[in-house]
Amino acid sequence: MLYIDSGTAERPIPMVGGSRAWTDSKWSSAIVVPLRAENGERVLRLISSLRAALEFQKPEFPTLLVLVLNSLKSKLEAEALLNQELRQTLSGLKDLNFDIVLLDHAHEGRSFNEKSGVGLARKIGCDFAADLIKSGQVRDSWIRCTDADAQVSHNYLSEIPVKSGALIYPFRHSFDAQNPAQARAALLYDAYLRYLRLGMVAARSTFAYHSIGSLIAVHADSYRVARGFPDYQAGEDFYFLNKIRKLAPVQWCGDVDPVILEGRISNRVPFGTGRSIIKILSEGENSWSFYHPESFRILGQALEALQESRGVFSREKSPEFYDFCQSRKMIEKFANIARQCKSPAQWQSRCLELFDGFEQMKFLHYLRDHGHPALNWGQAASESWFLESKIRQFSGDLAGWQQSLVALDESTPFV
């Protein structure tokens, strides 16, 4: 069943396009996917993987796939052909074992302004799903988010029994065997993502998780409190999870098999996988830098010193962190938080609301610029104190190192 909304109402109810009344419909779960100038074949691969997952899962009610087609005002004409072909592709789908709603924001009157992007598309789709959950039309309280360049696993829709704010699905990148240079660039970027998370885990950071929009499942209650995805052109997943983690834990999604992500080039957003691969291809492998391993040790020491400080700082325990806090004008802010806390446990929780995932990444950048310069992948591999020696031995073998990082990453729980 395909429902299409191309009107001007922000909440597109009722829908048109299906024989079953929208208001009488019920679904087992909702999946949200933003689409901008996407190739129809790529979307069909995602749909095919979802069809297989539902054949395996066989839920009592259909699943609802919420597609948010979008375009910038300035790109409407350039992207019109691709968007129209995608509409036709979706309209021609037959024998689906799930329902689709297309929220169409890729035409005059509903297109995005120049400062908006994928963050707004995710918000529109997830707000819509959250409303359906609240009304009882969607039974599962978990909103799953993915992208057109993803293929979900057969057990992607398995029941989520844990109580958490958000879950991150495990992932693997697919590499284009017909384009070795692009495949190697994607391999390097994949290694970077896993290296960064493992370093954050070694520092005992509670923000040590993958911030990838195509891997997120968020509980509707946490979603509402966090007020949804921010309207950013890129990085919306990072900032969204940064808010969620202050409300509740972020965890791995159980024993679910990995989501397969296409290691493709793309320039639709200012940064992210596609842009990173383009940079590596154009500027060479050594242009893509890894945080110095020592930075994660210093971050860990800073987190420990912060937890013990109760808002009273000494430069002796962590001089780099003290200087960073001075530069960010955070010392007095920590003191204010400490005055409000009635117990050590309350302080340990509240202080991380200020020194959150964003500030911790800022601290890594500060360390990079103050005595702990970034390294190329081979140097990072050989000097990573938080990796086992059998993994460090791959400092001359990118593929071997990346495969080892995948295995370690997937077996390492979030803090």
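Side chains included, hydrogens not; waters and symmetry mates left out as well; all remaining heavy atoms used.
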S.K.: Counting neighbours of CD on Q88 that are heavy atoms of other residues, nucleotides or ligands and sit closer than 6.0 Å, is the number greater than 12?
M.R.: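 Check passes, neighbour count above 12.
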S.K.: How are the rings of Y239 and F358 set to each other: parallel, tilted or perpendicular (split at 30° and 60°)?
M.R.: tilted
S.K.: Indicate yes or no: at least one non-hydrogen side-chain atom of R36 is less than 4.5 angstrom from one of F112.
M.R.: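 A side-chain contact is absent here, since even the closest heavy-atom pair is not under 4.5 Å.
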S.K.: Show the nearest heavy-atom pair for residues F334 and L306, with the distance to one decimal.
M.R.: CE2-CD1, 3.7 Å
S.K.: I need the L50 CG to Q57 CD distance, nearest 0.5 Å.
M.R.: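 Here the interatomic distance stands at 11.0 Å.
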S.K.: Which is it for L196 and L364 under the side chain to side chain contact (heavy atoms under 4.5 Å, CB included) test, yes or no, and what are the steps along the way?
M.R.: CA-CA 10 Å; L196 173 57; L364 291 179; 4.2 Å; yes
S.K.: Between atom CG of D140 and atom CG of L64, what is the distance when rounded to the nearest 0.5 Å?
M.R.: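 Output value for this atom pair is 12.0 Å.
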S.K.: Donor-acceptor check, side chain of S382 to backbone of R392, threshold 3.5 angstrom: yes or no?
M.R.: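 No, S382 side chain to R392 backbone: no donor-acceptor pair under 3.5 Å.
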S.K.: For residues 363-384, which residue pairs qualify under salt bridge (Lys or Arg N to Asp or Glu O under 4.0 Å), counting only residues two or more places apart or in two chains?
M.R.: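 As it turns out, there is no salt bridge (Lys or Arg N to Asp or Glu O under 4.0 Å) pair with a partner in residues 363-384 once direct neighbours are skipped.
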S.K.: Are N83 and S71 packed together at the side-chain level, in the sense that at least one heavy-atom pair is separated by less than 4.5 angstrom?
M.R.: yes
S.K.: Nearest 0.5 Å, please: how far is CH2 in W377 from CG in L188?
M.R.: 8.5 Å
S.K.: Measure the OG-CG distance between S91 and L86 for me, rounded to the nearest 0.5 Å.
M.R.: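 Output value for this atom pair is 9.0 Å.
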S.K.: Does CD in Q340 sit with more than 12 non-hydrogen atoms of other residues, nucleotides or ligands closer than 6.0 Å?
M.R.: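 Correct, the count exceeds 12.
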S.K.: Hey, are the side chains of N70 and L120 touching, using non-hydrogen atoms and a 4.5 Å cut-off?
M.R.: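 Result no, sub-4.5 Å side-chain heavy-atom pair not found.
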S.K.: State whether the side chain of T89 and the backbone N or O of E85 hold a donor-acceptor pair below 3.5 Å, judged by distance alone.
M.R.: yes
S.K.: Which pairs count as side chain to side chain donor-acceptor pair (under 3.5 Å) when at least one residue sits in residues 405-415, sequence neighbours excluded?
M.R.: R172-E410, R194-D409, R197-D409, H210-D409
S.K.: Provide the full list of salt bridge (Lys or Arg N to Asp or Glu O under 4.0 Å) pairs with a residue in residues 225-242, sequence neighbours left out, each pair given once.
M.R.: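 Residue pairs passing salt bridge (Lys or Arg N to Asp or Glu O under 4.0 Å), neighbours aside: R122-E236.
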S.K.: Sequence neighbours excluded, which residues qualify as side-chain contact (heavy atoms from CB on, under 4.5 Å) partners of E359?
M.R.: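 Residues passing side-chain contact (heavy atoms from CB on, under 4.5 Å) with E359: F324, R328, M330, F355, D356, K362.
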S.K.: Which atom pair, heavy atoms only, marks the closest approach of P293 to W385?
M.R.: O-NE1, 2.8 Å
S.K.: Return the minimal non-hydrogen interatomic distance between A185 and I277, and the atom names on each side.
M.R.: CB-CG2, 3.9 Å
S.K.: Donor-acceptor pair, distance only, cut-off 3.5 Å: does the side chain of S349 make one with the backbone of Q346?
M.R.: no
S.K.: How close do S309 and W347 get, counting heavy atoms only, and between which atoms?
M.R.: OG-CZ2, 3.4 Å
S.K.: Taking side chain as C-beta onward, heavy atoms only, is E285 less than 4.5 Å from N376?
M.R.: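 Counting from C-beta outward, E285 and N376 never come under 4.5 Å.
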S.K.: Kindly say whether D131 contributes a backbone atom to a donor-acceptor pair with the side chain of Q137 at under 3.5 angstrom?
M.R.: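 Such a contact is absent between Q137 side chain and D131 backbone.
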S.K.: What's the spacing between L352 CG and S205 OG if we round to 0.5 Å?
M.R.: 8.0 Å
S.K.: Going through the checks in order, is the side chain to side chain contact (heavy atoms under 4.5 Å, CB included) test met by I168 and L241?
M.R.: CA-CA 10 Å; I168 307 299; L241 289 173; 3.9 Å; yes
S.K.: One pair to check against side chain to side chain contact (heavy atoms under 4.5 Å, CB included): V43 and V33. What are the steps and the verdict?
M.R.: CA-CA 10 Å; V43 177; V33 181; over 6 Å; no
S.K.: Would you say H105's side chain and R110's backbone share a donor-acceptor pair under 3.5 angstrom?
M.R.: yes
S.K.: Give a yes or no answer on whether the side chain of Y156 reaches the backbone of V259 with a donor-acceptor pair at less than 3.5 Å.
M.R.: no
S.K.: Give me the ring orientation class for F290 and Y195: parallel if the planes are under 30° apart, tilted from 30 to 60°, perpendicular past 60°.
M.R.: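 Judged by the thresholds at 30° and 60°, the geometry between F290 and Y195 is perpendicular.
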S.K.: Is the CD atom of E108 crowded by more than 12 outside heavy atoms at less than 6.0 Å?
M.R.: no
S.K.: Are K75 and E79 within salt-bridge range, i.e. N to O under 4.0 Å?
M.R.: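 Not counted as a salt bridge, because no side-chain N and carboxylate O are separated by less than 4.0 Å.
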S.K.: So, do F128 and V68 sit near enough that their side-chain heavy atoms are less than 4.5 Å apart?
M.R.: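 The answer is no; the side chains never approach within 4.5 Å.
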S.K.: When the ring planes of Y291 and F296 are compared, do they come out parallel, tilted or perpendicular, using 30° and 60° as the limits?
M.R.: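 If you compare the ring of Y291 with that of F296, the planes turn out perpendicular.
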S.K.: Specify the closest pair of heavy atoms between A37 and L82, including all atoms of both residues, with the distance to one decimal.
M.R.: O-CD1, 3.5 Å
S.K.: Quick one: salt bridge (charged side-chain N to carboxylate O under 4.0 Å, His left out) partners of E388, sequence neighbours excluded?
M.R.: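 Residues passing salt bridge (charged side-chain N to carboxylate O under 4.0 Å, His left out) with E388: K390.
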S.K.: Parallel, tilted or perpendicular: which fits the ring planes of H292 and H372, with parallel below 30° and perpendicular above 60°?
M.R.: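 Judged by the thresholds at 30° and 60°, the geometry between H292 and H372 is perpendicular.
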S.K.: Would you check if the side chain of K246 reaches a backbone N or O of E353 as a donor-acceptor pair within less than 3.5 Å?
M.R.: yes
S.K.: Is the backbone of A150 close enough, under 3.5 Å, to the side chain of D147 for a donor and an acceptor to pair up by distance?
M.R.: no
S.K.: Check whether any side-chain heavy atom of V32 lies under 4.5 Å from a side-chain heavy atom of I124, and answer yes or no.
M.R.: no
S.K.: Take F207 and N242, measure what side chain to side chain contact (heavy atoms under 4.5 Å, CB included) needs, and give me the verdict at the end.
M.R.: CA-CA 7 Å; F207 296 87; N242 195 46; 3.3 Å; yes
S.K.: So L261 and D190, do their side chains get closer than 4.5 Å, heavy atoms only?
M.R.: no
S.K.: What I'd like to find out is whether the side chain of P170 reaches to under 4.5 Å of the side chain of D257, using heavy atoms alone.
M.R.: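 No. Closest side-chain heavy atoms not under 4.5 Å.
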S.K.: What distance separates W27 CH2 from L65 CG, expressed to the nearest 0.5 Å?
M.R.: 12.0 Å
S.K.: Is Q307 reaching over with its side chain to a backbone N or O of Q348, donor-acceptor style, under 3.5 angstrom?
M.R.: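 Yes, because the side chain of Q307 sits within donor-acceptor range (under 3.5 Å) of the backbone of Q348.
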S.K.: Given 3.5 Å as the limit, does a donor-acceptor pair link the side chain of K243 with the main chain of A226, or not?
M.R.: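 Between the backbone of A226 and the side chain of K243 there is a qualifying donor-acceptor contact (under 3.5 Å).
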S.K.: What pair of heavy atoms forms the shortest contact from S29 to R144, and how long is it?
M.R.: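 Scanning both residues completely, I find the closest heavy atoms to be CB-NH1, 3.8 Å.
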S.K.: Kindly state each residue pair satisfying side chain to side chain donor-acceptor pair (under 3.5 Å) with at least one member in residues 211-225, sequence neighbours excluded.
M.R.: D127-Y223, D221-R224
S.K.: Do the ring planes of W252 and F414 sit parallel (below 30°), tilted (30 to 60°) or perpendicular (above 60°)?
M.R.: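 Because their plane-to-plane angle lies in the 30° to 60° range, the rings of W252 and F414 count as tilted.
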